[in-house]
Undergrad: 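Below is the structure I would like to discuss, written out as structure tokens.
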Amino acid sequence: MEQTFVILKPSTIQRGLVGEVLSRFQHKGLVITGIKMMQMTEEILREHYAHLVDRPFFPSLLRSMMATPVIVMVLKGKDVVECVRSMVGATNCRKALPGTIRGDFGMSGQENIVHASDSPENAIIEINRFFAPEEIFDYTPLTFPATYAPDERD
Ligand code: IDP
Ligand code: MG
């Protein structure tokens, strides 16, 4: 089954929203297969946000992402990459639809609560960037038969 990579950004830590955001993913039926707190560094952020290093807001994004430790996690589910991106909503929280995580919990384009991988290929790259293989636990919860039909569980 597919996995995706999520960061609870410093805005989530600072504002005390870790439980709220985590419960969205759990209530959806997604499985946490990896989770830890870590301090971002400029080096890893330059790699993770390589597509943005030349943008004028990049220095501000770096400061924002290093303002506190973050919580990084790996979530498992069928079509989970697409599913989590739609749960997260548009990049700018003011434009993100109500019902999405950014739409419900934020007011900023930069301080936008979460990161989520944007494709299955990038999810694999990002999981490997932030997690060692032994930090990922590929178990099957007892709730799976009530969460998926048999042909959805591969
Ligand atoms: P995404 O997080 O929705 O995938 P990206 O375009 O990959 O959006 O940008 C990564 C992060 O950079 C965003 O989540 C946001 O924190 C920040 N960011 C993107 N565009 C802007 C901007 O125009 N101003 C300030 N920060 C931005
Ligand atoms: Mg992105």
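Everything quoted here is computed from the prediction, not taken from an experiment. Ligands are counted one by one from 1 in listed order, and the atoms in each one are counted from 1 as well. Throughout, residue positions are numbered sequentially from 1 according to the sequence presented.
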Undergrad: Who gets closest to atom 9 (O) of ligand 1 by heavy atom: Leu52, Ile7, Val88, Asp118?
TA: Leu52
Undergrad: Would you say Arg55 has more than 12 foreign heavy atoms packed within less than 6.0 Å of its CZ?
TA: no
Undergrad: So is Glu111 in contact with ligand 1, going by heavy-atom distances below 4.0 Å?
TA: no
Undergrad: What is the minimum heavy-atom distance between Cys93 and Glu111, and which atoms define it?
TA: SG-O, 4.2 Å
Undergrad: Among protein heavy atoms, which lies nearest atom 2 (O) of ligand 1, and at what distance?
TA: Arg102 NH2, 3.0 Å
Undergrad: List every atom of ligand 1 that sits less than 4.0 Å from any heavy atom of Gly109, numbering the atoms from 1 in the order shown and giving each element.
TA: 15 (C), 16 (O)
Undergrad: Would you check the N or O atoms of Gln110, main chain and side chain alike, for any that come under 3.5 Å of an N or O of ligand 1?
TA: yes
Undergrad: Is it the case that ligand 1 has an N or O less than 3.5 angstrom from some N or O of Lys9?
TA: yes
Undergrad: Please determine whether the number of non-hydrogen atoms from other residues, nucleotides or ligands lying under 6.0 Å from atom NZ of Lys95 exceeds 12.
TA: no
Undergrad: Do me a favour and list the nearest non-hydrogen protein atom to atom 4 (O) of ligand 1 with residue, atom name and distance?
TA: Arg85 NH1, 2.9 Å
Undergrad: Where is the nearest protein heavy atom to atom 1 (P) of ligand 1: which residue, which atom, and how far?
TA: Thr91 OG1, 3.6 Å
Undergrad: Which atoms of ligand 1 sit under 4.0 Å from any heavy atom of Asn112?
TA: 13 (C), 14 (O), 15 (C), 16 (O)
Undergrad: Side chains of Ile32 and Phe25: closer than 4.5 Å at any heavy-atom pair?
TA: no
Undergrad: Could you tell me if any non-hydrogen atom of His51 lies under 4.0 Å from any atom of ligand 1?
TA: yes
Undergrad: At what distance, to the nearest 0.5 angstrom, does SG of Cys83 lie from CG of Leu30?
TA: 6.0 Å
Undergrad: Within a reach of under 6.0 Å around NE2 of His27, are more than 12 heavy atoms found that belong to other residues, nucleotides or ligands?
TA: no
Undergrad: Check this for me - ligand 1, His115, N or O atoms closer than 3.5 angstrom, yes or no?
TA: no
Undergrad: Could you measure the distance from the CD1 atom of Ile127 to the OG1 atom of Thr4? Nearest 0.5 Å is fine.
TA: 6.5 Å
Undergrad: Give me the residue, atom name and distance of the protein heavy atom closest to atom 27 (C) of ligand 1.
TA: Phe57 CE1, 3.4 Å
Undergrad: Check contact between Met65 and ligand 1, using heavy atoms of the residue and a distance below 4.0 angstrom.
TA: no
Undergrad: Determine whether any heavy atom of His48 lies closer than 4.0 Å to an atom of ligand 1.
TA: no
Undergrad: Which atoms of ligand 1 sit under 4.0 Å from any heavy atom of Leu61?
TA: 12 (O), 16 (O), 17 (C)
Undergrad: Are any of the side-chain nitrogens in Glu42 or Arg46 under 4.0 Å away from the carboxylate oxygens of its partner?
TA: yes
